[in-house]
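Below: one structure, written as structure tokens.
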Amino acid sequence: MRVFVPADSTAVSIGADEVAAALRSAGLDVVRTGSRGLYWLEPLVEVETEGRRIGYGPIQANDTATLVEALQAESRDDPRCVGDVDELLASQGQQRLTLGRTGRLVPGDWDDYVAHGGTAGLRAALAMEPQAIVDEVKASGLRGRGGAGFPTGIKWQTVHDQEVTPKYIVCNADEGDSGTFADRMLMEGDPFCLLEGMTIAALAVGAERGYIYLRSEYPDAHRMLEKALEAARANGMLGESVMGSGQAFDIEVRLGAGAYICGEETSLLESLEGKRGVIRFKPPLPAIQGFLNRPTVVNNVITLGSVPAILADGGAAYHAVGVEKSRGTLTVQLCGNVARPGLYEVPFGVTLGHLINELGGGCASGRPARAVQVGGPLGAYLPPDLFDTPLDYEAFAEVNSMIGHGGVVVFDDTVDMVAQARFALEFCAIESCGKCTPCRVGSVRGQEVIDRITADDDRDRNIALLRELCETMIQGSLCAHGGMAPFPVLSALNHFPDDFEPRTAAA
């Protein structure tokens with residue numbers, strides 16, 4: 001009997017390796033895959049039955065004896081059985097355009113990748129002129145999934161149009177936002193997808209070298225990427241002639257050193273060049289003068305991982321999903337105080353309330369949700385009366401928020417919002433590169449002002465001062481780190497003013 005058990009690092013952290021070993025000891029053929037993203041069911045065991053994958057979870061090593069009995073009896077009445085996993089994902093409204101193979105194939109196995117539709121996008125791109133590839137990405141409406149939401153096709157067009165060579169493709173895999181794990185899931189579960197997307201980008205703009213800037217805290221992703229790179233070279237995806245095309249392209253993994261600021265593209269490029277990770281002034285843009293002052297495409301993992309499907313199925317098919325100027329799907333990473341945490345790849349247009357209550361099952365504590373932070377530690381806190389906001393870049397901008405990398409962190413009604421506001425400034429101060437005064441100094445002074453507010457020290461004057469300081473940081477910081485750190489502070493002030501009332505000493 002063939003069963004599938006994730007080797008994803010989250011699943012492993014809660015016992016997947018032990019489950020796999022126990023099932024092997026019971027005589028089952030165990031295949032290790034990536035995760036489906038259904039983290040509340042991990043470790044999830046799937047069994048192949050008549051072309052369908054039936055899931056059981058969560059399973060622990062001491063549950064495997066009864067699980068084997070249920071599998072042998074093909075019992076669907078077992079309380080751990082969640083039915084056909086693909087049907088479960090579809091019932092949640094998920095459309096796995098980017099992560100469709102993750103959890104289904106054996107990561108790093110070239111033949112399995114091709115058998116699941118891998119390289120279709122690359123082969124389509126090889127039959128096209130570079131400009132036609134760029135046009136297809138433009139037609140898809142794909143926007144950067146790393147945070148800024150800049151149109152991917154326009155960035156590629158800029159690099160394509162530069163006459164200066166060499167050109168570079170840089171993948172930002174420094175996934176440092178709280179509550180995010182989509183990049184890691186793809187790299188661990190379907191690494192060839194990222195490599196294929198980078199190779200298509202290289203064909204489009206004329207680059208011969210690529211780099212994956214990977215956060216050092218992802219050792220499993222690092223090992224999987226190195227394995228995939230070796231297989232990609234052996235099978236002609238990378239090397240001196242990509243799939244026999246005559247175009248050279250190869251990729252190297254470079255590890256970061258734990259600096260959050262290196263998630264900002266110019267700081268990343270400085271670090272990639274072996275320098276201290278501090279931001280660069282813009283202009284010039286990286287697309288014109290990026291890595292080693294040469295034209296450079298800098299895209300996030302999920303952005304590049306979305307490209308193979310776009311080239312395989314056509315830009316129009318991707319554009320048909322989503323709403324307004326937000327096309328395709330968003331890999332929502334739902335976590336925090338939520339009953340069903342995990343990754344949900346849903347079309348743009350789904351509301352926050354649907355994510356939290358319908359897909360996430362509400363708060364794990366059983367208490368009502370009071371706030372949700374979208375877009376990482378620099379994202380705004382949104383109250384329940386804004387839970388009807390759709391996942392749409394412009395809709396979020398209208399409520400002074402951002403989608404960012406798609407991390408959604410839920411808080412119940414016990415959360416202290418003034419503490420969360422102070423934490424945002426503390427985080428900003430710790431992770432600041434120090435290049436500009438509004439960020440470096442303003443984040444420290446902001447903490448002091450919040451402390452005076454909660455101590456009822458000239459409260460009204462200090463609230464006005466805090467707002468003025470936040471505006472200075474927004475307008476005066478050189479990058480989004482200092483420019484966005486005020487967002488959680490101002491949203492807490494605007495939506496949760498009662499939390500900024502004076503604190504009474506405990507009796």
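Computed over heavy atoms, backbone and side chain alike; hydrogens, waters and symmetry mates excluded. Position 1 is the first residue of the sequence, and the numbers go up from there.
Shown are V298, L269, I169; of these, the side chain to side chain contact (heavy atoms under 4.5 Å, CB included) with F291 is made only by L269. Partner D190 forms a salt bridge (Lys or Arg N to Asp or Glu O under 4.0 Å) with one of R96, R36, R101, R104 and no other, that one being R101. Looking at R280, R294, R254 one by one, the single match for salt bridge (Lys or Arg N to Asp or Glu O under 4.0 Å) with E273 turns out to be R280.
A donor-acceptor pair under 3.5 Å is absent between the side-chain atoms of Q420 and the main chain of V415, judged by distance alone. Side-chain atoms of H354 never come within 3.5 Å of backbone atoms of L359 as a donor-acceptor pair (strictly under, hydrogens ignored). Looking at S140, its side chain never comes within 3.5 Å of a backbone N or O of G315 through a donor-acceptor pair. Side-chain N or O atoms of S477 include none that pairs as donor or acceptor with a backbone N or O of I474 at under 3.5 Å. No donor-acceptor pair closer than 3.5 Å links the side chain of R215 to the backbone N or O of G263. Distance alone, capped at 3.5 Å, is enough to place a donor-acceptor pair between the T454 side chain and the I450 backbone. At distances below 3.5 Å, not a single donor-acceptor pair connects side-chain atoms of S432 with backbone N or O atoms of A429. Distance alone, capped at 3.5 Å, places no donor-acceptor pair between the Q373 side chain and the P488 backbone. Distance alone, capped at 3.5 Å, places no donor-acceptor pair between the R459 side chain and the I453 backbone. Between the R340 side chain and the V338 main chain, no donor and acceptor come within less than 3.5 Å of each other.
Ionic pairing of R184 and E175 is not present here: no N-O contact between side-chain nitrogen and carboxylate oxygen is shorter than 4.0 angstrom. We find that R445 and E448 are joined by a salt bridge, their nearest charged nitrogen and carboxylate oxygen being less than 4.0 Å apart. Taking the charged nitrogens against the carboxylate oxygens, K435 and E270 have no contact shorter than 4.0 Å, which rules out a salt bridge.
Using a 4.5 Å heavy-atom cutoff, the side chains of V307 and E136 are not in contact. Looking only at side-chain heavy atoms (C-beta outward), L194 and C171 come within less than 4.5 Å of each other. Side-chain contact between R370 and F411 is absent, with no heavy atoms from C-beta onward closer than 4.5 Å. Put simply, the side chain of L478 does not reach to within 4.5 Å of the side chain of C439, judged on heavy atoms. A 4.5 Å side-chain heavy-atom check between L268 and S271 finds every atom pair outside the cut-off. Taking the side chain as every heavy atom from C-beta outward, Y260 and I430 never approach each other to under 4.5 Å. Using a 4.5 Å cut-off on side-chain heavy atoms (C-beta onward), V297 and W156 make contact. Here the side chains of L382 and S401 are in contact, with some heavy-atom distance below 4.5 Å.
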CA sep, side-chain torsions, deciding dist, call: V489, L469, side-chain contact (heavy atoms from CB on, under 4.5 Å)
CA-CA 11 Å; V489 179; L469 175 62; over 6 Å; no
Stepwise, does the side chain to side chain donor-acceptor pair (under 3.5 Å) test hold for D457 with N462?
CA-CA 8 Å; D457 179 0; N462 277 300; 4.7 Å; no
Using the rule given for side-chain contact (heavy atoms from CB on, under 4.5 Å), can you reason through R367 versus N337, listing the C-alpha separation, both sets of side-chain angles and the distance that settles it, and then say yes or no?
CA-CA 9 Å; R367 302 180 67 91; N337 194 335; over 6 Å; no
After noting the C-alpha distance and the side-chain angles of L391 and F396, does the key distance pass the side-chain contact (heavy atoms from CB on, under 4.5 Å) rule?
CA-CA 7 Å; L391 292 177; F396 266 68; 4.0 Å; yes
Evaluate the side-chain contact (heavy atoms from CB on, under 4.5 Å) criterion for residues I212 and E252: first the C-alpha distance (whole Å), next the side-chain angles of each, then the deciding distance (0.1 Å), finally the verdict.
CA-CA 6 Å; I212 299 172; E252 179 183 341; over 6 Å; no
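What you find for T266 and P286 is that their closest heavy atoms are CG2-CG, 4.1 Å. Taking each heavy atom of I403 and D392 in turn, the nearest pair found is CD1-N, 3.4 Å. Residues F427 and H481 come closest through the heavy atom pair CE2-CE1, 4.2 Å. In plain terms, the two heavy atoms of A228 and F192 that are nearest each other are O-CE2, 3.2 Å. Between L97 and A309, the closest heavy-atom pair is O-CB, 3.5 Å. In terms of heavy-atom proximity, S216 sits nearest to L255 at CA-CD2, 4.5 Å.
Not less than 6.0 angstrom separates the ring centroid of Y381 from the ring centroid of F496.
Here CG of L272 is found 9.0 Å from OG1 of T296. Values are rounded to the nearest 0.5 Å. Atom CD1 in I154 sits 9.5 Å away from atom CZ in R143 (nearest 0.5 Å). F181 CZ to Y218 OH: the interatomic distance, rounded to the nearest 0.5 Å, is 9.0 Å. Atom CD1 of I14 is separated from atom CD1 of I59 by 11.5 Å, given to the nearest 0.5 angstrom. Atom CD1 of I261 and atom OG of S267 lie 4.5 Å apart (nearest 0.5 Å). Atom CZ of R209 is separated from atom OH of Y168 by 9.0 Å, given to the nearest 0.5 angstrom.
At a cut-off of 3.5 Å, with distance as the only test, a side-chain donor of S35 or E42 sits close to an acceptor on the other residue. A donor atom on one side chain and an acceptor atom on the other are found under 3.5 Å apart for Q157 and D161. Residues Q162 and K167 bring no donor and acceptor atom of their side chains to less than 3.5 Å of each other.
Counting only residues at least two apart or in different chains, side-chain hydrogen bond (donor to acceptor under 3.5 Å, both in side chains) contacts with residues 319-334 comprise T329-E345.
Heavy-atom contacts from other residues, nucleotides or ligands closer than 6.0 Å to CD of E468 number 12 or fewer.
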